Amino acid sequence: MSCIFLALKIGKVNWQSRLNKAAHHTSDYSSTEVILRRGQPFNISLNLKTTVQSWDNFTFIASTGNLPMAVISYPGYSSSKILVPYRSTWPILETLSFVLPADAVIGRYKLQLQVLAGNKVSSKVLGHFVLLFNPWCPDDDVYMADEEERQEYVLNDSGIIFQGVEKDIEEEAWNYGQFEEDILEISLAILDRSLSHREDPAVDVSKRSSPVYVSRVISAMVNSNDEKGVVEGKWSGKFRSGTNPLRWSGSVTILRKWYRARYRPVRYGQCWVFAGVTCTVLRCLGIPTRVITNFNSAHDKNLNLSIDKYIDISGNNLHLSEDSVWNFHVWNESWFIRRDLGSFYDGWQVLDATPQEKSKGIYQCGPASTKAIKEGDVNLDYDSPFVFAAVNADCVTWIRYSKKRKERVYSDTRKIGKFISTKAVGSNSRVDVTANYKYPEGSLKERQVYRKALKLLGVRIPGKRSKIPRPRRRFSRAQPAQTPSISGKLLLDASPVIGQDILLTLTLRNLISDFKDIKVKLKASAILYTRKPKAEILQLHRSIKLGSEEVKEISFKISYSQYKNSLMDDRKILVTAVCQIKRGTSLLVEKDIVLQDPFLTLKVLGPAVVHKPVNVEVTFTNPLADEVTDCVLRAEGSGLLKEQLRIQYVNTSGCVEKMAPMETSTVEFEIIPYRSGTRQLQVDLVCTHFSDIKGFVMLHVAPAQ
C-alpha cells in the first residue's frame with residue numbers, strides 16, 4: 001500500500017472549461033480561469049495513473065483562503081455541504097460531476113485529490129477555480145426568477161445612469177464592463193483589501209457566503225475614506241491632481257487604474273461614479289445589481305426628517321444648517337433575501353458607496369431593504385434612517401432677518417424623493433420606481449409611515465407625550481408656512497443651451513382683492529448638483545404694484561457673457577426670487593436650470609462583426625462664438641475596445657485640437673469588436689469650455705463568420 005501511496009499520479013485533468021462556463025453563464029468573462037457558480041453541477045475529467053485498491057480512501061478537498069474543506073471520499077463516500085458528486089465512473093475516474101452548495105463561500109478555490117492508503121496520505125492539486133453567487137439557482141440567496149431580469153442585472157455590461165433635475169432628466173451611458181480582462185481579479189482583490197479581511201482573514205472569508213455581508217463590504221471599499229478603497233471623492237475645487245468626475249464613462253478604466261497603481265485610490269469620483277463602480281463589482285461577483293437615481297435627494301445630517309434651509313432677504317444661502325438637498329443622488333440596489341430581517345424584507349436592497357455618513361465607524365451604507373424604507377421600519381439594519389430621509393424628509397426654507405427674527409417662507413412635504421429612476425430591463429428607457437420606496441405623497445398611508453419613522457427615530461411628535469422619558473431629537477416637522485397673498489412662477493422662454501443667452505419670466509399673481517406693493521430680489525447663482533452655490537451670476541431688484549387679482553410678468557436675461565466664466569462643470573444655475581410684500585407674508589420662488597451641452601452625432605459605417613474592423617464617424621459642431629482648444633475624443637465600450645481609445649482631434653483646417661467658432665467637424669476611428677450581441681459604444685469630447693460632451697450608440701455585433 002505504501003508503494004501505491006507514493007505512486008499517486010494524475011495523467012490529465014480536463015476542467016471542461018468551455019462547457020462548464022456555458023452552463024454556469026460565465027462564458028463572457030475574459031479570463032482563462034475556470035469560473036463557476038454555486039449550487040450548480042460542474043464536470044471534470046480525470047485520468048488517474050495509479051493502481052487503486054478497494055480499501056483505498058479517496059477524498060476531494062476544496063479550499064479557499066486558508067480554509068480547507070473535506071469534500072467527498074471513496075469508497076462509501078460521505079457527502080459534505082461543500083462539494084457533492086453527482087455521477088462518476090469509479091475507479092477509472094474518467095468524468096466526475098460535482099456541485100458546490102448554494103450557501104458556499106464565494107472566491108478563489110483550490111481543488112485537491114487526497115488518497116488515504118493504510119495510514120498514509122497523499123494529495124495532488126487538480127486545479128483552481130473561482131466560485132460566484134448564482135442568481136439562476138433557487139437555493140441561492142441571490143436567486144432571481146425572471147430570466148430577462150437576470151440578463152439585465154447580472155449579464156448586461158453597459159447601462160444608463162440618469163442625472164439632471166426632476167423636470168429635465170438626462171441619460172448618461174456607463175460602461176460597467178464586469179467581464180473585461182482583470183475585472184474579476186480586481187473584484188476579488190477589493191474583498192481582500194477590506195478592513196475586515198486585514199483584521200481577521202479567516203473570519204472575513206467565512207462570511208463571504210452572504211450577499212448581505214459581501215455587498216456591505218463593497219459599499220465601504222469602493223470609496224477610499226477608510227480603507228484605501230477604489231475611488232476618492234471630491235465635490236469642490238479644481239481636479240488638476242486627478243480626473244474630473246464628469247469625464248469618466250465607465251468602471252473598467254477606474255478599476256484597472258486602482259489595481260495597476262497597487263491599490264492607490266483613483267482621483268476623483270462623485271455619486272454616479274461610486275454607483276457605477278459598485279454595480280460593476282457586484283454584477284461581476286454574481287449579485288444582481290442596478291443603479292438608482294433619486295431626484296431632490298435629502299442629506300439629513302441630524303436625522304430629524306426635516307431639511308432646514310436659511311436664506312437672507314436677498315436670497316443668499318446662509319450656512320446655518322448641515323442639511324442639504326441634492327438635485328439628484330445615485331446609489332445601487334442589489335437583489336437578495338434577508339435572513340437577518342425576515343422574508344418580508346427580501347428583494348431589492350439599497351447600497352450607497354458615496355461617502356456621506358459613517359455607519360459602524362466607517363463610510364459604508366446598506367444594505368437597507370426598500371420594503372423597510374417604504375414601511376418606515378427605520379430600526380432595521382442597515383442604515384435605513386439615512387435612506388428613508390433621502391426619499392422622505394420634509395423641506396422648510398426660512399428667511400433670516402436677524403439673529404432674533406426669521407420667517408418660514410416655504411414648506412413642502414412632497415419635494416423630496418421625486419422620480420426615483422432606473423434603466424428598464426431590455427431597453428434604455430427610464431423606469432420610475434418611486435412606489436418601491438414610499439406610498440403616494442399626501443396619502444394617509446404615507447403620513448402614517450412618516451409618523452412611524454419619527455417615533456422610531458425618537459423625534460418628538462407634536463401633541464404626543466412619551467410615557468418613558470428619553471433623549472429626543474429636535475422636532476422640525478414641515479408645518480405649512482403662512483399662505484402668501486400672491487403666487488409666483490419662474491419660466492424659461494426656451495430650453496437653454498451653453499453659448500446662448502438664457503431668457504426667463506417671473507409671473508406674479510395677486511390672489512386677493514387688496515392692492516399689493518412688492519419688492520422683488522432676483523438672484524442667479526452657478527451651483528453644483530448638490531445645490532451648493534459656487535458663484536454669483538446676476539442680481540436684480542424690481543418693485544411692482546399688483547391690483548386686485550392682477551397678473552404681471554418680469555422678463556429678464558442671463559447673457560452668455562454673464563455666466564460663461566462662472567458656470568461650473570455641472571452646467572447648473574439656480575435662480576431665486578424673494579418677493580417681499582408690504583404688510584404680508586413673503587414669497588420664495590426657485591428655478592433650477594441645466595444648460596444643455598451640444599450634441600455629438602455617432603454613426604457606425606458598416607456592419608459590426610466579431611474580429612472584423614469597422615469605422616465609426618463622430619460629428620460635432622462648436623456652437624460658441626469662441627474658439628475651443630485642447631480637443632480630445634475618447635471612446636470606450638465593452639466587447640468593442642479592450643482599452644479606452646484616445647483620439648487627437650484635428651479640424652478641417654488641419655489644426656490640432658482646435659475648433660473655430662461655429663465649426664462643424666467629423667472624426668473617424670476604427671473599432672474591432674471581440675464579443676457578439678448588443679453593445680454600447682461611448683464617445684466623450686473634452687475641450688476648453690466643455691468639460692465633457694458625451695454621446696453613445698447601441699450596435700448589434702454579429703458572431704464571427
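Fair warning: this is a prediction, and the values are worked out from it, not measured in the lab.
Remark: the W248 side chain and the T253 side chain contain no N/O donor-acceptor pair separated by less than 3.5 Å. In this structure, a donor-acceptor pair under 3.5 Å is absent between the side chains of Y560 and Q500. Using modelled atom types and a 3.5 Å distance limit, the side chains of D569 and N244 yield a donor-acceptor pair. Defined by atom type and a distance below 3.5 Å, a donor-acceptor pair is missing between the side-chain atoms of N304 and S306. Side-chain atoms of R216 and S359 include a donor-acceptor pair closer than 3.5 Å. For E166 and N296, the side-chain atoms include at least one donor-acceptor pair closer than 3.5 Å. Defined by atom type and a distance below 3.5 Å, a donor-acceptor pair is missing between the side-chain atoms of S249 and N175. Side-chain atoms of T505 and D493 form a donor-acceptor pair, as typed in the model, at a separation below 3.5 Å. Judged purely by distance below 3.5 Å, without hydrogens or angles, the side chains of T289 and S334 pair a donor atom with an acceptor atom. Between the side chains of S487 and R509, no donor N or O sits under 3.5 Å from an acceptor N or O. Side-chain contact check for Q448 and E446: no donor-acceptor pair (N or O, by modelled atom type) lies under 3.5 Å.
A salt bridge (charged side-chain N to carboxylate O under 4.0 Å, His left out) with E590 holds for exactly one of K523, K489, K167, K309; it is K309.
R571 has a carboxylate O that lies under 4.0 Å from a charged side-chain N of D597, or vice versa, which qualifies the two as a salt bridge. Taking 4.0 Å as the cut-off between side-chain N and carboxylate O, R531 and D592 count as a salt-bridged pair.
Side chain of E172 to backbone of E170: no donor-acceptor contact under 3.5 angstrom is found. No donor-acceptor pair closer than 3.5 Å links the side chain of Y310 to the backbone N or O of K406. Of the possible polar contacts, one joining the Q178 side chain to the V154 backbone as a donor-acceptor pair under 3.5 Å is found. No donor-acceptor pair under 3.5 Å is formed between the side chain of S566 and the backbone N or O of Y563. A donor-acceptor pair under 3.5 Å is absent between the side-chain atoms of N565 and the main chain of S561, judged by distance alone. Although no hydrogens or angles enter the test, the distance criterion places no donor-acceptor pair under 3.5 Å between the side chain of K564 and the main chain of S559. At distances below 3.5 Å, not a single donor-acceptor pair connects side-chain atoms of S427 with backbone N or O atoms of A424. With hydrogens and angles ignored, the 3.5 Å screen pairs a side-chain donor or acceptor of K374 with a backbone N or O of A435.
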Open item on the list: Please determine whether salt bridge (charged side-chain N to carboxylate O under 4.0 Å, His left out) holds for the pair E152 and K423, giving the CA-CA distance in whole Å, both sets of side-chain angles, and the decisive distance to 0.1 Å.
Closed with: CA-CA 9 Å; E152 180 68 49; K423 176 189 172 298; 2.9 Å; yes

### Task
Carefully, step by step, assess E375 and K452 under the rule salt bridge (charged side-chain N to carboxylate O under 4.0 Å, His left out).
CA-CA 9 Å; E375 299 300 329; K452 173 184 177 182; 5.3 Å; no

Side chain to side chain contact (heavy atoms under 4.5 Å, CB included) between L528 and K534, intermediate numbers included
CA-CA 7 Å; L528 302 175; K534 299 301 292 183; 3.7 Å; yes

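Taking both residues in full, the closest heavy atoms of E171 and N428 are given as OE1-O, 3.8 Å, listed atom of the first, atom of the second, then distance. Residues T434 and I420 share a closest heavy-atom pair of OG1-N, 3.0 Å. Y176 and G276 make their closest contact through CD2-O, 3.7 Å (heavy atoms, listed as atom of the first residue, atom of the second, distance). The two atoms that bring S219 and Q364 nearest to each other are OG-CB, 3.5 Å, heavy atoms only. Nearest heavy atoms, S297 versus W331: OG-CZ3, 4.1 Å. When all heavy atoms are compared, the tightest approach of Q680 to G159 is NE2-O, 3.3 Å.
Taking D340 as the reference, R338 meet the salt bridge (Lys or Arg N to Asp or Glu O under 4.0 Å) condition, with sequence neighbours excluded.
In this pair, W326 and H299 present their aromatic rings perpendicular. The plane angle is above 60°, beyond the 30 to 60° band.
In this structure, CD1 on I486 lies 7.5 Å from CG on N510, to the nearest 0.5 angstrom.
Under a cutoff of 6.0 Å and an axis angle of 45°, R290 and W348 form a cation-pi pair. Judged by the 6.0 Å distance and 45° axis criteria, K371 is not positioned over the aromatic ring of Y345. Cation-pi geometry between K445 and Y439 is satisfied (NZ or CZ under 6.0 Å from the ring centre, within 45° of the ring normal). Taking the ring axis of Y153 as reference, the NZ or CZ atom of R283 does not stay both within 45° of it and closer than 6.0 Å to the ring centre. Figure legend: K572 and Y529 shown without cation-pi pairing, the cationic atom not lying both under 6.0 angstrom from the six-membered ring centre and within 45 degrees of its axis.
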